[in-house]
Amino acid sequence: MAEPKFRAPKGTRDILPPESARRRSLSDAFAVLAGQWGFGEVVSPMFEDMGVFKRVGESTDLVTKEMFDLFDKGDPPQHLALRPELTASICRAYVEHRPVPPWKVWYDGPQFRYEQPQAGRYRQFTQVGVEVLGTDDPQADVDVIALGSRFFEAVGLTKVSLLLNSLGDPACRPDYLKALSDYLDSRRSELSAQSQVTLERNPLRVLDSKRREDQTIIDEAPLMVDFLSEESAAHFQQVRSGLEALGIEYEISPRLVRGLDYYTRTTFEFAADALEASQNAVGGGGRYDGLVEALGGPDTPGIGFALGVDRILLACNAEQSFEAAPSPVDVFVVDVAGGSSALTICESLRGVGLGADRAYGGRSMKAQMKLADRSGATYAVIIGDDEIASGEATLRDLRGDTGQRRVPLAVLAGEIRRLLQDNGV
RNA sequence: GUGGCCGUAGCUCAGUUGGCUAGAGCGCCUGGUUGUGGUCCAGGAGGUCGGGGGUUCGAAACCCCUCGGUCACCCCA
């Protein structure tokens, strides 16, 4: 293949029609649901001060080695980073604008991580998500999780399981961490080399290891649920009964820890069973009761989730759901008399709210009919010398068997709109 | 960042132990008597075989480097 001079950078890609249309309808579906749940959209900058993301956790890979960072041209230069996630940005915005809590917002946009690309793992990827700041009512947790679950249903995914855990709070987490550290230390020599390193940095994350030699040790490790404070245990119980009241199935996953340090109490993950196990997390989230404070704001609890659009679409492919939307072109104008009629007819069709397209460059009738077919249009409007002479157009049904007939130009647009409405379009 | 596999037309792929002007299907374009698509038939365009270097009389095939993809680790959406 002739090597193009430039290509999309490693880990990024172009999303072209028709796939781009499918993505857009996925986004739209999310926006509709989030609106129904009472969330408003926040559009925040694609990059932030590096410090915003450092608060996410100094011990996470996301901060230590997966950041796309840069310095601006100021004096002194400001250390900026492309956002690797959006929760920190939302919290930064909350602290900056001080909206009245509870603040319920959603977002949809690209995020960046400097990682080794793989199927379902990109350096630029898209997430949609929600955050609720300013309440620790367990019913907010339930509402958030329910929104995620209903979204997967709305896009036709049936094989998505919800994994749920509680990571405790500042009152009880230290006790658990100590117990876990002591335990892992006692079996240190049996752990994989990589996990021994992880143990130094963040014992909790050892539970996430997928290495075979670690599994037995992990299976026998103490569990957070056994260390929950009375308060956290009660909160967790209320989240569970709320989900049950809504008929949302979940699975308690006592070793579910997530990659970001800021999570407390409720933690969950959506796993697409139709995808390979290693990249099957299509979404995740939880409570982050200390994050707003870490960013310089008042003590404010928060909960939210992020869903990976790229992976959701892969899961849809695997489940053969969420097919592309039908073509927005209703009518294709075939003009074999020069093309100026196509120009004005398209204008009048679009004027009454229809989708209309035409060919360029004076192509043969056969070629234009072919394009009409491919455009997905329901009708073709044909203009030749005959039609021009009589002030009419030939209206041809491309999808049914009603053939074609002449229609006066003056009533063409209205006539087509009526026909499409009658057919429930 | 580490390791395995892969890289031939726009897409999916064939190309036997290195040897004729590198092929197929799909897609695209043009025709099939002068205005009709979705079927059919016939022609055509399109590739310096990811890129660079090397071995050889000769390389898409072998070696090295590099870029990209993919899988695993890691991490996570």
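Predicted, not measured: the structure shown is a model, and the values here were computed from it. So that the names make sense, note that chain A is the first sequence line, chain B the second, and so on, each numbered from 1.
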By side-chain contact (heavy atoms from CB on, under 4.5 Å) - contacts of A:Arg13 (at least two apart): A:Ile15, A:Arg23, A:Tyr122, A:Asp310

For residues A:Ser89 and A:Glu48, is any side-chain donor paired with an opposing acceptor at under 3.5 Å? yes

Partner nucleotide, any strand, of B:rG37 [Watson-Crick/G-U, under 3.5 Å]: none

Between B:rU8 and B:rC13, how far apart are the two P atoms, rounded to whole Å? 9 Å

Mind calculating the distance between CZ (A:Phe112) and P (B:rA77) to the nearest angstrom? 16 Å

Does a nitrogen or oxygen in the side chain of A:Arg363 sit under 4.0 Å from OP1 or OP2 of B:rU30? yes

So what does A:Ala119 touch, heavy atoms closer than 4.0 Å: a base, only the sugar-phosphate, or nothing? sugar-phosphate

Could a donor-acceptor pair under 3.5 angstrom be found where the side chain of A:Glu269 meets the base of B:rA77? no

Any strand: nucleotide that pairs with B:rG58 via Watson-Crick or wobble, under 3.5 Å: none

Under 4.0 Å between any heavy atoms, over every strand shown, what does A:Gly11 touch: base, sugar-phosphate, or nothing? Just pick one. sugar-phosphate

So which one's nearest nucleotide on RNA chain B is more toward 5', A:Val282 or A:Ser195? A:Ser195

Distance, rounded to the nearest Å, where A:Gln116 contributes CD and B:rU2 contributes P: 8 Å

Return the pairing partner of B:rC49 with a 3.5 Å limit on both distances, Watson-Crick or G-U wobble; otherwise return none. none

Return the pairing partner of B:rG43 with a 3.5 Å limit on both distances, Watson-Crick or G-U wobble; otherwise return none. B:rC29

Counting primed atoms, P, OP1 and OP2 as sugar-phosphate and everything else as base, the B/S/- map of nucleotides 32-38 of chain B against protein heavy atoms under 4.0 Å is B--BBBS

Considering residues, nucleotides and ligands other than A:Glu153, do more than 12 of their heavy atoms fall under 6.0 Å from its CD? yes

Which whole number of Å gives the distance between the P atom of B:rG18 and that of B:rG4? 24 Å

Look at A:Asp373 together with A:Arg399 and state whether they make a salt bridge at an N to O cut-off of under 4.0 Å. yes

Mind checking the P distance from B:rG25 to B:rA60? Whole angstroms is fine. 24 Å

Please measure how far the P atom in B:rA24 lies from the corresponding atom in B:rA9, and state the result in whole Å. 14 Å

Length of the CD-P vector between A:Glu115 and B:rU70, whole Å: 13 Å

Would you find more than 12 non-hydrogen atoms of other residues, nucleotides or ligands less than 6.0 Å from A:Gln320 atom CD? no

Say we look at B:rG32 and B:rC57: how far apart would their C1' atoms be, to the nearest angstrom? 50 Å

Determine the Euclidean distance between corresponding P atoms of B:rG35 and B:rG43; express it in Å to zero decimal places. 25 Å

For A:Arg418 and A:Asp422, what are the C-alpha separation, side-chain angles and deciding distance, and is it a salt bridge (Lys or Arg N to Asp or Glu O under 4.0 Å)? CA-CA 6 Å; A:Arg418 197 156 40 248; A:Asp422 289 349; over 6 Å; no

Specify the separation, in whole Å, of atom CZ of A:Arg123 and atom C1' of B:rA77. 16 Å

When you check the phosphate oxygens OP1 and OP2 of B:rC74, does a side-chain N or O of A:Ser209 lie under 4.0 Å from one of them? yes

Would you kindly give the CD-to-P distance between A:Gln368 and B:rC29, to the nearest whole Å? 12 Å

Considering every strand and a 4.0 Å limit on heavy-atom distances, what is the contact class for A:Tyr122: base, sugar-phosphate, or nothing? base

Considering only the P atoms, how many Å lie between B:rC29 and B:rU66, rounded to the nearest integer? 43 Å

From B:rA77, B:rC74, B:rG69, nucleotide with atom closest to A:Arg211 side chain: B:rC74

Salt-bridge test for A:Glu200 and A:Arg188: reply yes if a basic N is under 4.0 Å from a carboxylate O, no otherwise. yes

Side-chain H-bond candidate by donor/acceptor type, A:Ser390 with A:Glu392, under 3.5 Å: yes

If pairing means Watson-Crick or G-U wobble with both distances under 3.5 Å, then the partner of B:rC20 is none

Taking a pair as Watson-Crick or G-U wobble with both distances under 3.5 Å, which nucleotide is matched to B:rA9? none

Candidates A:Asp169, A:Asp136, A:Asp141 - the one meeting salt bridge (Lys or Arg N to Asp or Glu O under 4.0 Å) with A:Arg265: A:Asp136

Within a strict 4.5 Å, meaning less than it, do heavy atoms of the A:Arg22 and A:Asn317 side chains meet? yes

Among B:rC74, B:rC75, B:rG68, the one nearest any side-chain atom of A:Gln118 is B:rC74

For B:rG23 versus B:rG15, give the span between their P atoms, rounded off to a whole number of Å. 15 Å

Which whole-number value in Å describes the distance from A:Arg13 CZ to B:rG69 P? 11 Å

Tell me the interatomic distance from A:Arg113, atom CZ, to B:rC74, atom C1', rounded to whole angstroms. 14 Å

Rounded distance in Å - CD (A:Glu213) to C1' (B:rC74): 13 Å

NA contact type, A:Gly120, heavy-atom cut-off 4.0 Å: base, sugar-phosphate, or nothing? base

Assigned partner base of B:rC73, Watson-Crick or wobble definition, under 3.5 Å: B:rG1

